[in-house]
Chemist: 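The structure follows.
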Amino acid sequence: MKIAVLGAGAMGSLYGSFLSQSGADLWLIDIWKEHIEEIQKKGITIEEGEASYSIPVKATIDKSQVGPVDLLLIFVKSYQTKKALEDLSPLIGEETTFLTLQNGLGNDEAIVERYGQNAILAGTSSFGATLLGPGRIRVAGRGETTLGILRGATTESLEKVAQLFRQSQLNPRIEENVQGPIWDKLLVNVGINALTALMQIPNGRLLDHKGLLYLLEQAVREAEEVAKALQVPTSPQPVEKTKKIAQVTGHNFSSMYQDLHNGRRTEIDAINGKVAACAKSVGLPTPVNETLGLLIEAMTEVKQIK
Ligand code: NAD
């Protein structure tokens with residue numbers, strides 16, 4: 001199978017290097033020249049626990065070098081998706097299947113809007129990774145990859161992708177309705193990410209303050225109501241699950257915390273912002289999610305992040 005990973009950051013490099021070991025013809029594509037040049041010279045250097053190892057992977061900034069692929073895995077940040085989807089013509093043939101494992105909502109819609117004639121898979125990843133510098137990532141934790149059909153794909157093609165993920169230690173789990181796990185993950189992110197970013201605290205500290213705990217609970221409850229109104233089959237007790245995750249990952253800093261801390265844009269529009277937008281479409285109020293969205297937006301402006 002010929003695969004391209006669009007966005008060779010922390011997660012793109014993790015999935016790309018693991019998938020390449022299954023014998024797939026795999027390319028990493030990114031716009032960051034220094035990073036791609038380092039991968040071309042030394043492969044992806046992966047730190048995991050005490051171990052450090054390198055995996056050779058083909059990498060380029062030039063899509064025409066790759067040609068049409070069977071599977072195109074999108075791993076840019078959600079606010080980069082629309083732009084990254086432009087000008088993919090060298091990579092796309094009639095048989096190309098898209099796959100997004102990005103966080104938040106709206107990435108799948110952007111793919112459908114532009115490439116709806118192609119098969120599209122979606123899912124979630126509970127692996128964790130950090131980009132350390134050009135050509136180098138740290139695997140923060142291994143988990144599973146949920147996979148499901150968004151539109152146009154056959155169960156055979158989904159199973160083929162899942163088989164490849166199995167061979168690559170990416171622990172796939174096929175989901176009948178993939179919106180369920182996408183929203184399950186969203187509900188957790190809605191409760192933890194914006195609050196930890198605004199407060200600049202690690203996840204566990206949310207549980208130490210009555211006010212923050214209240215906001216976490218309200219943000220998740222609002223999003224849960226929106227999921228119900230949209231008839232998305234989410235797992236039960238998302239508030240309890242979010243608190244448990246904040247506790248278990250108590251010393252970790254959320255990706256939104258890290259993005260704001262390092263002067264980068266955040267994925268707020270695809271998380272709390274998207275919950276508020278979906279709520280409007282079904283006539284539900286989401287004051288906490290709306291406020292969190294506005295505060296992160298204001299922080300982004302104050303820090304002059306473009
Ligand atoms: P990242 O910022 O490390 O990587 C994104 C990469 O995309 C960068 O290397 C960037 O240069 C590249 N890029 C930007 N615009 C591009 C374009 N037009 N064409 C090609 N490449 C482009 O982000 P990440 O942490 O790997 O996250 C990717 C997605 O996965 C996000 O939605 C995130 O929420 C989700 N996710 C991340 C983790 C994690 O642990 N990092 C875990 C689960 C899900």
Side-chain angles (χ1 to χ4, degrees), residues 77-82 102-107 109-110 124 128 179 181-230 232 234-235 237-306:
K77 286 277 174 77
S78 58
Y79 55 83
Q80 298 162 331
T81 302
K82 267 206 167 154
Q102 298 155 278
N103 276 339
L105 300 180
N107 297 296
E109 289 162 18
T124 60
Q179 293 299 343
I182 290 175
W183 273 79
D184 281 344
K185 194 165 186 208
L186 177 78
L187 292 174
V188 173
N189 288 334
V190 152
I192 294 178
N193 286 16
L195 281 170
T196 50
L198 288 165
M199 298 300 298
Q200 291 287 289
I201 53 174
N203 297 349
R205 293 273 303 281
L206 289 176
L207 307 173
D208 298 340
H209 300 271
K210 238 166 66 185
L212 293 177
L213 198 53
Y214 171 78
L215 290 169
L216 176 153
E217 289 171 357
Q218 287 307 108
V220 177
R221 280 199 189 106
E222 286 177 7
E224 187 188 15
E225 287 307 310
V226 178
K228 270 191 202 144
L230 293 171
V232 178
T234 54
S235 302
Q237 300 194 309
V239 170
E240 290 315 311
K241 187 176 161 197
T242 305
K243 288 201 271 193
K244 182 88 201 154
I245 289 178
Q247 187 195 0
V248 174
T249 61
H251 296 293
N252 296 3
F253 294 99
S254 72
S255 57
M256 203 173 286
Y257 164 101
Q258 292 179 44
D259 284 340
L260 262 193
H261 190 76
N262 293 312
R264 294 188 298 251
R265 268 188 76 180
T266 72
E267 294 188 295
I268 190 75
D269 289 346
I271 302 177
N272 306 76
K274 192 71 180 174
V275 166
C278 289
K280 284 211 170 75
S281 73
V282 290
L284 282 173
T286 50
V288 173
N289 279 287
E290 244 172 83
T291 306
L292 291 174
L294 290 169
L295 285 170
I296 294 282
E297 205 179 287
M299 283 288 276
T300 308
E301 269 176 41
V302 168
K303 289 184 155 232
Q304 298 188 323
I305 299 167
K306 301 270 179 263

Chemist: With sequence neighbours excluded, tell me which residues meet side-chain contact (heavy atoms from CB on, under 4.5 Å) with E109.
Modeler: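 Here the qualifying residues are K274.
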Chemist: Hey, could you give me each pair passing salt bridge (Lys or Arg N to Asp or Glu O under 4.0 Å) that has a residue in residues 243-262? Not counting sequence neighbours.
Modeler: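 Only K77-D259, E217-K243, E240-K243, D259-R264 qualify under salt bridge (Lys or Arg N to Asp or Glu O under 4.0 Å).
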Chemist: List the atom pairs, with distances to 0.1 Å, where a side-chain N or O of residues 197-207 and a protein N or O form a donor-acceptor pair under 3.5 Å, not counting sequence neighbours.
Modeler:
unit_1: Q200; atom_1: OE1; unit_2: H261; atom_2: ND1; d: 2.9
unit_1: Q200; atom_1: NE2; unit_2: A197; atom_2: O; d: 2.8
unit_1: N203; atom_1: ND2; unit_2: T249; atom_2: OG1; d: 3.0

Chemist: Under the side chain to side chain donor-acceptor pair (under 3.5 Å) test, which residues partner N289, sequence neighbours left out?
Modeler: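 E222, N272.
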Chemist: Return the set of residues passing side chain to side chain donor-acceptor pair (under 3.5 Å) with T196 (not counting sequence neighbours), or none when no residue passes.
Modeler: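 So T196 forms a side chain to side chain donor-acceptor pair (under 3.5 Å) with S254.
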Chemist: Listed by chain and number, what are the salt bridge (Lys or Arg N to Asp or Glu O under 4.0 Å) partners of D269, not counting sequence neighbours?
Modeler: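 If we apply the salt bridge (Lys or Arg N to Asp or Glu O under 4.0 Å) test to D269, skipping adjacent residues, there are no hits.
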Chemist: Donor-acceptor pairs are to be reported for all side-chain atoms of residues 292-306 against protein atoms at under 3.5 Å, with residues two or more places apart or in another chain.
Modeler:
unit_1: T300; atom_1: OG1; unit_2: I296; atom_2: O; d: 2.7
unit_1: K303; atom_1: NZ; unit_2: L260; atom_2: O; d: 3.1

Chemist: Which pairs, with at least one residue in residues 280-290 and sequence neighbours excluded, count as a salt bridge (Lys or Arg N to Asp or Glu O under 4.0 Å)?
Modeler: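 Found K280-E290.
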Chemist: Can you name the residues that form a ring pair (Phe, Tyr, Trp, His ring centres under 6.0 Å) with Y214, not counting sequence neighbours?
Modeler: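 Partners of Y214 by the ring pair (Phe, Tyr, Trp, His ring centres under 6.0 Å) criterion come out as none, since no residue qualifies.
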Chemist: Going by side-chain contact (heavy atoms from CB on, under 4.5 Å), name the residues that satisfy it together with A227, two or more places apart in sequence or in a different chain.
Modeler: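 W183, V232, T234.
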Chemist: Just jot down the side-chain contact (heavy atoms from CB on, under 4.5 Å) partners of K185, sequence neighbours excluded, or say none.
Modeler: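 Applying side-chain contact (heavy atoms from CB on, under 4.5 Å) to K185 gives N103, T124, N189.
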Chemist: Can you sort out the partners of H209 under ring pair (Phe, Tyr, Trp, His ring centres under 6.0 Å), two or more places apart, ordered by chain and number?
Modeler: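 In terms of ring pair (Phe, Tyr, Trp, His ring centres under 6.0 Å), with neighbours along the sequence ignored, H209 is linked to no residue.
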